[in-house]
Amino acid sequence: MKELLRGLISDALAMASEQGALELSEIPVVEVEVPRDSSHGDLSSNVAMTLARVVGKPPRAIAKIIVDCISDEGGDLAEKEIAGPGFLNFTFSNEAWRRRLLSIIEVGETYGSSGLGKGRRVQIEFVSANPTGPLHIGHGRGAATGDALARLLETAGYEVDREYYVNDAGVQITNLGRSVYARYLELHGREVQFPPDGYPGDYVIDIARRIVAEEGAAWLDREEEEAVAHMGETGGRAMLERIKEDLAAFSIRFDGFTSEKALRESGAVAEAIADLRSRGVMYEADGAEWFRSTEFGDDKDRTVVKSDGELTYFASDICYHRAKLARGYDRIVDVWGADHHGYIKRIKACLAALDCDPHAFSVVLVQIVSLTRDGRPVRMGKRSGEFVSLREIIDEVGPDLARFFFLMRKSDAQLEFDLELARRQTAENPVFYIQYAHTRIAGIFRQASERGIPEPEISAVCVSRLGNADELSLIRLLDEFPDLVEASARALEPHRVVFYAQRLAGEFHRFYARNKCVSDDRELTAARLLLVKAVKQVIGRALSMVGVSAPERM
RNA sequence: GCGCCAGUAGCUCAGUUGGAUAGAGCAUCGGCCUUCUAAGCCGGUGGUCGCAGGUUCGAGUCCUGCCUGGCGCGCCA
């Protein structure tokens with residue numbers, strides 16, 4: 001409807017300009033929005049106010065001219081008024097809303113999809129947790145966010161690849177190896193000092209047990225270094241498998257896993273560094289090699305090759321992001337824990353040095369989840385070995401609830417997740433509130449079919465009985481859906497979809513409480529069935545966009 | 001010290017990228033089942049939008065300075 005109104009206003013401006021009522025060198029972009037207060041009509045525009053300075057007339061006078069020039073041949077408008085400092089408030093005719101509903105139903109399953117992305121390819125990298133331990137609740141939020149972003153961008157017309165970057169090289173894997181080795185020795189009755197940087201979790205013992213079961217005591221006689229390397233590798237592989245299982249339990253799939261180790265061993269990292277050298281953005285100092293990232297907006301230059309010849313973590317990152325570019329993505333989105341925000345500048349710098357358009361790269365930061373149980377904080381952190389795994393959350397509250405809670409706040413705001421509350425409070429749970437709306441509509445259709453009422457055909461005649469306030473509110477909200485999807489995609493903010501779903505469910509429950517869908521009035525029944533069918537479809541779509549199921553029965 | 005994020009109702013949070021009288025859920029108080037699922041609906045209570053300036057027709061939103069909280073500032077990963 002926004003588009004429709006923008007057209008009417010633009011035409012009016014053109015006419016006013018032609019008639020000399022307004023002196024316009026060009027027709028400006030007309031902004032139209034849903035007013036907060038419904039007494040201000042269905043849509044309002046501030047053009048008259050923004051034009052005031054350009055045309056040199058008071059806003060209300062301009063508004064008057066525009067209103068007089070609007071030619072509403074289709075009968076779409078019921079009211080047009082000038083209000084306050086110069087707002088133009090419009091109310092559409094019921095007929096216009098009914099036409100809108102029909103067009104929504106005709107679009108069908110794909111309603112809400114858009115061509116915003118124009119089929120461009122975007123890669124979303126998320127989770128990317130080190131394979132040194134199971135996923136914890138923070139990773140869960142990243143997973144829910146990344147996956148929802150992927151779904152959102154797909155809906156907005158992008159072609160999306162989901163990728164997990166595996167940090168399976170370097171110190172942390174060695175530490176895992178040392179930890180497993182220590183447990184391995186313990187299992188063979190040896191007294192050992194557990195490594196100070198080791199991972200104390202029980203899962204490390206599980207890995208050691210597995211190695212004992214499969215390989216016996218063979219490693220007792222080998223060199224420690226060799227054993228540690230082996231156990232790091234085995235452990236990392238085992239952890240990655242477990243991570244994949246946890247993700248599967250969360251219904252999250254990836255199109256690809258890129259291994260840091262593989263990047264290093266293939267020589268790709270060396271190649272990336274050579275590339276930067278050839279671009280003249282590397283230099284040597286203090287025996288190390290640096291990337292001149294300050295030239296691209298970073299706060300300080302960054303070490304790429306240490307003075308002992310070892311590569312830094314950043315070196316792999318340069319390579320990985322360079323590889324993303326080489327794969328031809330039009331956009332790159334990285335979902336990171338907020339504690340990594342300090343890395344944004346250096347990655348941007350590296351991409352800029354590689355001639356990548358800075359707008360093509362975005363980082364979505366996911367803030368800490370503070371987990372509480374019975375109102376008391378649950379401590380987290382792999383170091384302490386005392387953390388709540390994603391798996392425990394899923395087992396406790398289920399994937400739908402977990403996903404929904406992770407997405408209930410914008411991702412860069414801290415989130416409090418109380419497990420007991422999530423479980424206990426099921427009666428007033430927002431997830432169920434939305435799902436219940438979907439279920440109720442399914443119930444309406446069950447009722448209709450029991451009474452032998454046929455699926456209504458889509459026609460103008462059919463919806464002609466719609467027009468009360470509850471019905472119109474629903475159509476208005478349905479109308480907003482495509483804009484909502486686009487805005488969420490543009491802002492990379494999936495939580496907006498959650499809030500929309502809550503609003504729509506609320507509007508439906510109100511409608512449901514006051515209006516009977518299936519009645520003896522066959523025309524009205526058919527009309528309302530069409531309406532709620534559209535509502536069901538959109539609620540279902542919104543839920544699926546955040547990865548939450550939409551049940552037919554509860 | 002520098003940088004990033006946040007500060008909105010008792011609590012948890014939205015706020016359509018600068019719009020009109022700042023919203024929702026929870027909590028609390030009071031109503032509503034002869035009706036397609038009451039996991040629901042309707043109403044009441046509740047606010048110095050951290051503080052102070054500035055920008056303009058108009059600021060929760062933008063700019064500056066301060067206050068508070070979280071995080072980050074390695075030849076760690």
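Just so you know, these numbers come straight off a predicted model, no measurement behind them. Order of the sequence lines fixes the chain letters, A, B, ..., with proteins taken first and strands second; residue numbering starts at 1 for each chain.
Of the C1' atoms belonging to B:rC49 and B:rA14, the separation is 13 Å, rounded to the nearest Å. Comparing the P positions of B:rC57 and B:rU48 gives an interatomic distance of 30 Å, to the nearest angstrom. Across B:rG19 and B:rU12, the matching C1' atoms stand 28 Å from one another, rounded to whole Å. Comparing B:rG69 with B:rU61, their P atoms are spaced 22 Å from each other, to the whole Å. When the P atom is compared between B:rU45 and B:rC5, the two are found 38 Å apart, to the nearest whole Å. Separating the P atom of B:rG44 from that of B:rG3 is a span of 47 Å, rounded to the nearest Å. Separating the C1' atom of B:rU35 from that of B:rC41 is a span of 13 Å, rounded to the nearest Å. Look at the C1' atom in both B:rC76 and B:rU16: the space between them is 43 Å, to the nearest Å.
Each of A:Arg490 and A:Arg451 lies near RNA chain B, and the nucleotide nearest A:Arg490 is the one positioned closer to the 5' end. Toward the 5' end of RNA chain B, the nearer of the two residues A:Arg553 and A:Ser45, judged by each one's closest nucleotide, is A:Ser45.
Between A:Lys2 and A:Glu480, no side-chain nitrogen of the basic residue sits less than 4.0 Å from a carboxylate oxygen of the acidic one, so the salt-bridge criterion is not met. Checked for salt-bridge contact, A:Asp317 and A:Arg346 miss the test: no charged N lies under 4.0 Å from a carboxylate O. Ion pairing between a basic and an acidic side chain is recognised when a charged N comes within 4.0 Å of a carboxylate O; A:Arg510 and A:Glu507 show such pairing. Using a cutoff of 4.0 Å between basic side-chain nitrogens and carboxylate oxygens, A:Arg237 and A:Glu233 are scored as salt-bridged. Ion pairing between a basic and an acidic side chain is recognised when a charged N comes within 4.0 Å of a carboxylate O; A:Glu552 and A:Lys536 show such pairing.
You'll find the side chain of A:Asp520 reaches within 4.5 Å of the side chain of A:Arg451, heavy atoms only. At a threshold of 4.5 Å between non-hydrogen side-chain atoms, the residues A:Thr145 and A:Phe126 do not count as touching. Between A:Ile444 and A:Tyr512 there is a side-chain heavy-atom pair separated by less than 4.5 Å.
In this structure, the aromatic ring of A:Phe87 is positioned over the six-membered ring of the base of B:rA20, centres within 5.5 Å and planes within 30°.
In this structure, a donor-acceptor pair under 3.5 Å is present between the side chains of A:Ser316 and A:Arg264. Side-chain atoms of A:Ser519 and A:Asp521 include no donor-acceptor pair closer than 3.5 Å. A donor-acceptor pair shorter than 3.5 Å cannot be found between the side chains of A:Tyr165 and A:Asp334. A:Gln172 and A:Tyr313 share no donor-acceptor pair across their side chains, judged by distance under 3.5 Å alone.
The listed nucleotides are B:rC57, B:rU21, B:rG72; the one nearest the side chain of A:Asp339 is B:rG72. Nearest nucleotide to the A:Lys300 side chain, out of B:rU17, B:rC41, B:rG74: B:rG74. You'll find that the side chain of A:Arg514 is closest to B:rC42, out of B:rC42, B:rC36, B:rA20.
Base orientation at B:rU12 is anti, since its O4'-C1' glycosidic dihedral falls outside 90° of 0. Glycosidic conformation, B:rC33: syn, with the torsion inside 90° of 0.
One can find a donor-acceptor pair under 3.5 Å joining the base of B:rA20 and the side-chain atoms of A:Asn89.
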Please write out the pairs of protein N or O atoms and N or O atoms of nucleotides 32-35 of chain B separated by less than 3.5 Å, giving the distance to one decimal.
{"residue": "B:rU35", "atom": "O2'", "partner": "A:Lys516", "partner atom": "NZ", "Å": "2.2"}

So what is the 5' to 3' dot-bracket string for RNA chain B, if pairs are Watson-Crick or G-U wobble with both distances under 3.5 Å, crossing pairs use [ ] and | means the partner sits on another strand?
-> (((((((..((((.....[...)))).(((((.......))))).....(((((..]....))))))))))))....
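Residue contacts for A:His509: at a heavy-atom cut-off of 4.0 Å it reaches the sugar-phosphate backbone alone, with no base atom in range.
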Summarise how protein sits on nucleotides 2-14 of chain B as a single string, 5' to 3': B when a protein heavy atom is under 4.0 Å from the base, S for sugar-phosphate-only contact, - for no contact.
-> -BBS------SSS
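Within the 4.0 Å cut-off from OP1 or OP2 of B:rC42, at least one side-chain nitrogen or oxygen of A:Arg510 is found. Listed pair A:Tyr433 / B:rC41 meets the phosphate criterion, a side-chain N or O lying under 4.0 Å from OP1 or OP2. Here A:Arg440 reaches the OP1 or OP2 of B:rA38: one of its side-chain N or O atoms lies under 4.0 Å away.
Interatomic distance, CZ of A:Arg60 versus CE of A:Met49, reported as 10.5 Å (0.5 Å rounding).
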